[in-house]
Amino acid sequence: MDLSFLNDQQRAAVRHTEGALLLLAGAGSGKTRVITCRIAYLLKEKRVPAEQIVAATFTNKAAREMKERVVAQVGAGACRGMIISTFHSLGLRLLRDDIGKLGYKSNFSIYGGSDQIRLVRDLLQEVGIKMDAEAVLGRISGAKNRLLPPGAKAPSSEDPVDLAAAGIYPRYQRALKAFNALDFDDILMLTVRLLEEHPPVLRKIRKRFRYLMVDEYQDTNLAQYRLLHLLCAEHGNLCVVGDDDQSIYGWRGAEPENILDFEKDYPGAQIIKLEENYRSSGRILKVANALIRHNAKRREKVLWTSGPEGPPVDYISCEDGEDEARMVVERIHAERFRQKMEYRDFAVLYRTNIQSRAFEEQLRYENIPYVLIGGQQFFDRKEVKDVLAYFKVLVNPLDEVNLLRILNWPRRGIGETSADRLIRASADREVPLWDVLSDPFGIPDLGEKTVQALQQFTGILENYRRRFRQPGFLAETGRRFIKDLGIEDELYRTAEDPARGRRRAENVEEVLNALATYEEREPLPTLAGFLEKVSLLDRDEPVRSSKETKLAKDAVVLMSLHSSKGLEFPCVFLVGMEEDFLPHRKSAGEFFDVDEERRLCYVGITRARRKLIFLNAARRRKFGKLRTREPSRFLGEIPPELLEKGPDGGKSELSPGEQEKTAASFFAGIKALLED
DNA sequence: CCGGTATACCTTTTT
DNA sequence: GGTATACCGG
């Protein structure tokens, strides 16, 4: 196999096939190329059967891209049976056949963010604790990521959130099991439990998976770490690729120590550093290196390039948010014209998704096509979640969270009071809520009308549950179901204006279209399969775009710094370079990890190929109020000679001539005021 | 039981 | 500035 297009380190990594290997791959050092080459090498040179190879990523997009690149190298036939997927898909694949051993049924629901919060909120209310459900859920999730069982979460601290979490966690876990539901953390935690508690399953898996690869290893949490360890404890053929400088998911339970401690965990592991950067110009790398060296705990790496220095890195400080957006658009026009660049060559990166608004408005105003990645997702919309809730309940009648969600939607006269009575009856009789709903006779204080409504409700669900069991006609049956439920009417009826109603009806239509597409593409389509796909969908797919973008794909890209990891653009705007944005101030004000924020900034910088522009605003509208803003401390950590101050950059840094001009216009303004 | 208005709270990042 | 929840009157 020809490996001459790789540098020495890259080639060494590809040829190292047996035993543990840590690839410390700096930003833009060609790590994806190395992984795909390594897979091709295993297949072609080492004659490893494809089904023995497993590569785990964090996003579907990364998995898809990796697969495409391997296929391009060796052909689709040679890849048959190889697993390249996210950790969560891999977990589900392992659980699918054997989850019965853990006391769950195979038609389980998957609970994502809002389902989880709803459940925690209900449990908090049940126990009579008034607290932010999201915060409590965060602690529970943290415990699960660290594989701590409900009992082990002893309230060692005084922190009220911790105490509440300790109390809620066992109930939460019990509820999930009763509802036959897994949350995202369960997918990993239960996979680990399955392999640890059922040796025959572990043996079976180990026999199959002989060569493991992991991308973005710095983002693994303990559950993922343990899973990997279980899978490759015997042969030790584990190749992990990562960059501790790009660890930006600590808040989600990632343990960058996993990458720092790799040799300890896998004695005899080889370590290869990739420091030559093939992406960015010299000036951009200088800025990146200068910034990241302010982090203490890290593996020393210095990115370098044999390429050109490139144009200066600019820093433009603006009056306010609108000004910032205008400036970005102005620079897009200028660069596009001067450098013959396309719209798709530009990316606007920000810390929080709300920051996208101003740029969207400005781009739309100027008729510049754009795509917005992330933010409020299609599948987060209420009507979409409601429709999916119906499907989930069809597949899994025990799913109480979703059952309650649809019980009175569309309005059918089963109000809160009745719902409470039904829930109580379910608890008293110790039977699932669904059973109570289908047989609501003899429940105290339940009105005649309510009983009738319940019978109609459960009747229609039973009817369609039966219909969906017949193979085929998935999309068609789904469409009928929604129609029979009268969902469209409800959307128009409750909408604040007709346009909103139509928009919501279209969203529901989109769900049905997605179901149709799924049915066409899948060899063995099922409703459950569709729901699984939807649950595990990446969040960083494009969500909104200007009209013209839908036709031509040439568009400016708007996204959060987190979403940008792994991508690159010829020209990057790093906006909102202000204290409280970057580094972001946590609402709780407690532990905030400046180092992680700095890495986030580093990730943004290293996305740029030839031109990088920092922007910030002196004032910004927040909660409708105008507030003054401080430049980010990170700008101060970059030696000033590496930054070119933009047009009106740094008021104190004006040239004498400019100062004179400013002074003159100031006095002119005063004079005009006095004359009025 | 439902729909309206007052209100609190908000803004991390996501598989 | 906008949205999700709380409360009240019909």
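Each chain gets a letter, A, B and so on, in the order the sequences are listed, and its residues count up from 1. Source: prediction; values computed, not measured.
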Quiz item: For Phe87(A) and dT15(B), is the gap between ring centres under 5.5 Å while the planes differ by less than 30°?
Solution: no
Quiz item: Residues two or more places apart in sequence or in another chain: which of them pass salt bridge (charged side-chain N to carboxylate O under 4.0 Å, His left out) with Glu126(A)?
Solution: Arg171(A)
Quiz prompt | Along DNA chain B (nearest heavy atom to each residue), the more 5'-positioned of Tyr249(A) and Phe581(A) | solution = Phe581(A)
Quiz item: Arg633(A): what forms a side chain to side chain contact (heavy atoms under 4.5 Å, CB included) with it, not counting sequence neighbours?
Solution: Glu579(A), Pro583(A), Phe592(A), Val594(A), Glu637(A)
Practice problem: With sequence neighbours excluded, tell me which residues meet side chain to side chain contact (heavy atoms under 4.5 Å, CB included) with Ala175(A). | Solution: Leu119(A), Phe179(A)
Practice problem: Determine: side-chain N/O of Asn221(A) to OP1/OP2 of dT15(B), distance under 4.0 Å, yes or no. | Solution: no
Self-check item: Residue list, side chain to side chain contact (heavy atoms under 4.5 Å, CB included) with Glu134(A), at least two apart or on another chain
Solution: Ile117(A), Asp132(A)
Quiz item: Closest nucleotide of DNA chain B for Ala419(A) versus for Asp185(A): which of these residues is on the 5' side?
Solution: Ala419(A)
Quiz item: Taking only side-chain nitrogens and oxygens of Ser560(A), does any of them come within less than 4.0 Å of OP1 or OP2 of dT14(B)?
Solution: yes
Quiz item: Taking only N and O in the side chain of Arg411(A), is any of them less than 4.0 Å away from OP1 or OP2 of dG3(B)?
Solution: yes
Name the pairs: protein N/O against N/O of nucleotides 4-10 of chain C, kept only if under 3.5 Å.
from   : atom 1 : to        : atom 2 : distance (Å)
dT5(C) : OP1    : Arg121(A) : NH2    : 3.1

Quiz item: Is there side-chain contact between Lys297(A) and Leu260(A), with at least one heavy-atom pair below 4.5 Å?
Solution: yes
Quiz item: When you measure from the side chain of His562(A), which nucleotide among dT15(B), dT14(B), dT13(B) comes out closest?
Solution: dT13(B)
Exercise. Using side chain to side chain contact (heavy atoms under 4.5 Å, CB included) as the criterion, list what pairs up with Arg69(A), not counting sequence neighbours.
Key: Thr32(A), Arg33(A), Thr36(A)
Exercise. Give a yes/no answer on whether the side chain of Asn353(A) brings an N or O atom under 4.0 Å of OP1 or OP2 in dT11(B).
Key: no
Practice problem: Rounded to the nearest angstrom, tell me the gap between atom CZ in Arg620(A) and atom P in dG1(C). | Solution: 17 Å
Self-check item: Selected nucleotide, minimal atom distance to His584(A) side chain, candidates dT13(B), dT11(B), dT15(B)
Solution: dT11(B)
